[in-house]
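The structure appears below as structure tokens.
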Amino acid sequence: YKLNTLKVHFKMESSALKLHKIGIFGIIFCVIFLFAMALLPIEFTDDGYKQIFALIIWFGLPLFMIFTTFDIPYLKESKFGKKARLVLTLALAALTFCIFFFYMLASTMCGYVIDEILFKKKNSNQQVIIRHQDCGATDSGGAPKELIHITPIGFLQIFQKVDTNTLNRSEWIKP
């Protein structure tokens with residue numbers, strides 16, 4: 001009977017520690033992807049992917065934070081330390097959920113609108129476009145326009161400002 005109880009306890013401990021590791025990995029992955037999207041010249045090819053990403057972060061990050069609490073029963077801390085860690089983690093998960101709720105609301109308000117496709121690269125799906133950011137509200141002036149070179153890579157696209165005078169006209173065609 002005791003041996004069977006130890007096996008069950010070990011399986012529970014093993015599962016809890018696996019969830020803890022999944023939580024840590026998930027948090028790291030979400031944070032790296034968030035920073036990459038914020039700092040690198042990368043954006044989603046359409047708004048559907050952007051909304052899926054926002055939903056994954058909105059629900060995923062707090063869930064991964066909660067997964068990190070599954071190792072608390074196995075820590076060698078005082079009861080107060082375990083309770084404090086549990087409460088702080090749950091509060092941080094709830095705060096993260098609320099922050100990304102507002103992020104999701106705000107991220108769907110504005111978006112880029114393609115005004116014109118100036119050039120397409122031969123034998124490639126790269127484009128040079130003119131675009132502006134539109135938030136749906138009208139104001140006294142139009143949004144500034146950008147001349148952008150877009151290189152799609154799956155559901156992401158790399159964008160960079162470009163000077164059309166530097167383009168090799170033999171590689172680019174007008175659509």
Side-chain angles (χ1 to χ4, degrees), residues 18-72 84-121 124-167 171-172 175:
K18 283 180 187 175
L19 282 174
H20 174 76
K21 289 177 184 176
I22 289 170
I24 290 174
F25 175 77
I27 290 169
I28 291 169
F29 179 77
C30 288
V31 168
I32 287 173
F33 207 77
L34 277 171
F35 278 111
M37 293 300 292
L39 300 176
L40 297 176
I42 297 173
E43 59 189 22
F44 291 102
T45 53
D46 73 25
D47 286 338
Y49 292 123
K50 185 178 179 181
Q51 289 175 351
I52 290 169
F53 171 71
L55 279 172
I56 290 171
I57 296 297
W58 183 26
F59 287 110
L61 196 55
L63 187 64
F64 289 136
M65 288 179 177
I66 290 170
F67 281 177
T68 64
T69 63
F70 280 77
D71 74 330
I72 289 177
R85 181 172 169 198
L86 179 65
V87 169
L88 285 173
T89 304
L90 293 177
L92 186 61
L95 179 66
T96 304
F97 182 82
C98 293
I99 288 170
F100 281 105
F101 172 75
F102 290 112
Y103 165 78
M104 194 169 150
L105 285 177
S107 71
T108 58
M109 289 183 187
C110 296
Y112 284 105
V113 176
I114 296 175
D115 294 326
E116 184 180 355
I117 299 174
L118 294 178
F119 299 103
K120 288 187 176 188
K121 192 165 189 174
S124 176
N125 55 358
Q126 296 180 33
Q127 298 177 348
V128 174
I129 63 167
I130 296 176
R131 72 178 186 181
H132 72 277
Q133 192 168 19
D134 186 26
C135 290
T138 57
D139 58 3
S140 60
K145 298 186 184 238
E146 301 178 308
L147 191 60
I148 301 292
H149 173 221
I150 293 178
T151 306
I153 303 173
F155 61 91
L156 295 173
Q157 59 190 14
I158 299 172
F159 66 93
Q160 58 190 19
K161 294 188 183 217
V162 67
D163 180 8
T164 55
N165 295 325
T166 62
L167 293 178
E171 295 177 7
W172 295 85

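In what follows, every heavy atom counts, from backbone to side chain, and hydrogens, waters and symmetry copies are set aside.
Here L92 contributes atom CG and I66 contributes atom CD1; the two are 10.5 Å apart, rounded to the nearest 0.5 Å. Atom CD1 of I148 sits about 7.5 Å away from atom OH of Y112, to the nearest 0.5 Å.
Remark: K121 pairs with E171 by the salt bridge (Lys or Arg N to Asp or Glu O under 4.0 Å) rule, at least two apart or across chains. Not a single side chain to side chain donor-acceptor pair (under 3.5 Å) links E116 to another residue, sequence neighbours left out. Legend: residues meeting ring pair (Phe, Tyr, Trp, His ring centres under 6.0 Å) with F53, ordered by chain and number and at least two apart, are F33, F44. Under the side chain to side chain contact (heavy atoms under 4.5 Å, CB included) criterion, V87 pairs with no residue at all, not counting sequence neighbours. Evaluation of the side chain to side chain donor-acceptor pair (under 3.5 Å) rule for Q126 yields H149 as partners, not counting sequence neighbours. Residues passing the side chain to side chain contact (heavy atoms under 4.5 Å, CB included) test with P152 are N125, I150, sequence neighbours excluded. Looking at residues two or more places apart in sequence or on another chain, you find a side chain to side chain contact (heavy atoms under 4.5 Å, CB included) between I28 and I24, I32. In this structure F97 satisfies the side chain to side chain contact (heavy atoms under 4.5 Å, CB included) test together with W58, F59, P62, sequence neighbours excluded. Applying the side chain to side chain donor-acceptor pair (under 3.5 Å) rule to D115 yields the partners H132, K145; only residues at least two apart in sequence or on another chain are considered.
Ring orientation note: the planes of F67 and F70 are nearly perpendicular, at an angle over 60° on the 30°/60° scale.
Residue pairs satisfying the salt bridge (charged side-chain N to carboxylate O under 4.0 Å, His left out) criterion with at least one member in residues 147-166, sequence neighbours excluded, are listed as follows: E146-K161. Under the side-chain hydrogen bond (donor to acceptor under 3.5 Å, both in side chains) criterion, the residue pairs touching residues 33-46 are E43-R131, E43-Q157, with sequence neighbours excluded. Sorted by first and then second residue, the side-chain hydrogen bond (donor to acceptor under 3.5 Å, both in side chains) pairs with a member in residues 22-35 form an empty list; sequence neighbours excluded.
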